[in-house]
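Start at 1 and go down the list; that is how both ligands and their atoms are numbered. Worth knowing before you read on, the calculation uses all heavy atoms, side chains too, and leaves out hydrogens, waters and symmetry mates.
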Amino acid sequence: AAKAQGKNAYAMFEPSMRHGFDREVMWRAELQQALADDTLHVAFQPIVALDDHRVAGVEALARWQHPRLGPVPPDVFVPVAERAGLIADLGLLVLRRACAEFAAWPGSPTAYLSVNVSPSQMLDASFPSKVAATLYEAGLRPGQLVLEVTENVLADESEVIGALRRLREFGIRIAIDDFGAGYASLRYLHRFPADIVKVDRTYVRDIARDPAAVHILGTLWQLFGALGLTAVAEGIEDPSQAAMLIDLGCRHGQGFLYGRPGPLTAIPLEPARLA
Ligand code: C2E
Ligand code: MG
Ligand code: MG
Ligand code: MG
């Protein structure tokens, strides 16, 4: 009877489960194909000094142009890759591509390359040596690379912390990405071996209309300074946000105001004059 009941219960949920399962299987197969065909590419967005708009670094962002479905956003395919066990392959592919393109870019001697990594990539004990090998192949120094890690449950694992330590000992810098978007933010600040903290764009978005956001950011900047962390404000879209951030003591930022993600060659080497 229990078996029959279980079967019925399954049948009852089947339409939605099947749908979700089909979708997952579809994305997984498509992504596997894309990795095999090498149809993923990388877009770059400038990270600038807010005072003179000099390019301090570039963030590599994975892009997937599907032959039929068009562009698939990374917010969709990165989680699929994580669930399908494909994130290590995808991450390494992005890193290789990004390093090769960056090394060939005339701006690379004075700017850094920032690459997103999933915490699960760092559960692979050979991750730090793979990164080192990739840098070596591209002819880049460890000091030219920043790895961005988002606060998340996995990032708290001691294996992940250990990998971050090894990477930093090697000279690679670590950035906490989307700081403040997660739930355990302050704990991460002192538990995480990091050099840079990227403040989530929701704080920047609220800065113009929410006095509380201004106070939070002002206090955060003091805290980052005390902890020796360099801060980068994400998602700056208009000059008034930039002006307020500068007043708060923020020195680096990223956002559509300074450039959208695109080909590395589209990023100007000379600081752009902004209104
Ligand atoms: P992220 O690392 O926080 O990257 C910044 C995201 O904000 C990018 O979205 C970028 O296009 C967007 N953005 C930049 N400036 C602005 C702005 O002024 N306004 C607004 N509204 N958005 C802005 P994108 O490229 O869609 O990437 C989304 C997320 O996907 C990334 O967030 C990152 O977490 C993840 N991702 C992208 N590429 C990779 C990758 O190679 N590996 C991993 N593990 N994750 C990746
Ligand atoms: Mg990022
Ligand atoms: Mg971010
Ligand atoms: Mg993000």
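H215 is linked by a ring-ring contact (aromatic ring centres under 6.0 Å, His included) to nothing, counting only residues two or more places apart in sequence or in another chain.
At a cut-off of 2.8 Å, N116 coordinates the Mg ion (ligand 2) through an N, O or S atom. For a distance bound of 2.8 Å, the N, O or S atoms of D178 include one lying that close to the Mg ion (ligand 3).
The side chain of R63, and not its backbone, has at least one atom closer than 4.0 Å to an atom of ligand 1 (non-hydrogen atoms only; side chain from C-beta on). Under 4.0 Å from ligand 1, the heavy atoms of V78 that appear belong solely to its side chain. Contacts between P261 and ligand 1 below 4.0 angstrom, taking non-hydrogen atoms only, involve the side chain exclusively.
Between H66 and W27, the ring planes lie perpendicular to each other; the angle is over 60°, past the 30° to 60° tilted range.
Under the side-chain hydrogen bond (donor to acceptor under 3.5 Å, both in side chains) criterion, the residue pairs touching residues 89-103 are D38-R97, with sequence neighbours excluded.
Taking the N/O/S atoms of D177 in turn, the shortest distance to the Mg ion (ligand 2) belongs to OD2. Of all N, O or S atoms in E59, the one lying closest to the Mg ion (ligand 2) is OE2. The N, O or S atom of E148 with the smallest distance to the Mg ion (ligand 2) is OE1.
When the shell of 6.0 Å around CZ of R251 is examined, it contains 12 or fewer heavy atoms from other residues, nucleotides or ligands.
Near D177, meaning under 4.0 Å from any of its heavy atoms, are these atoms of ligand 1: 1 (P), 2 (O), 3 (O).
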>> Test side-chain hydrogen bond (donor to acceptor under 3.5 Å, both in side chains) on H41 and Q65; report intermediate values, then the result.
In response: CA-CA 8 Å; H41 66 282; Q65 183 71 32; over 6 Å; no
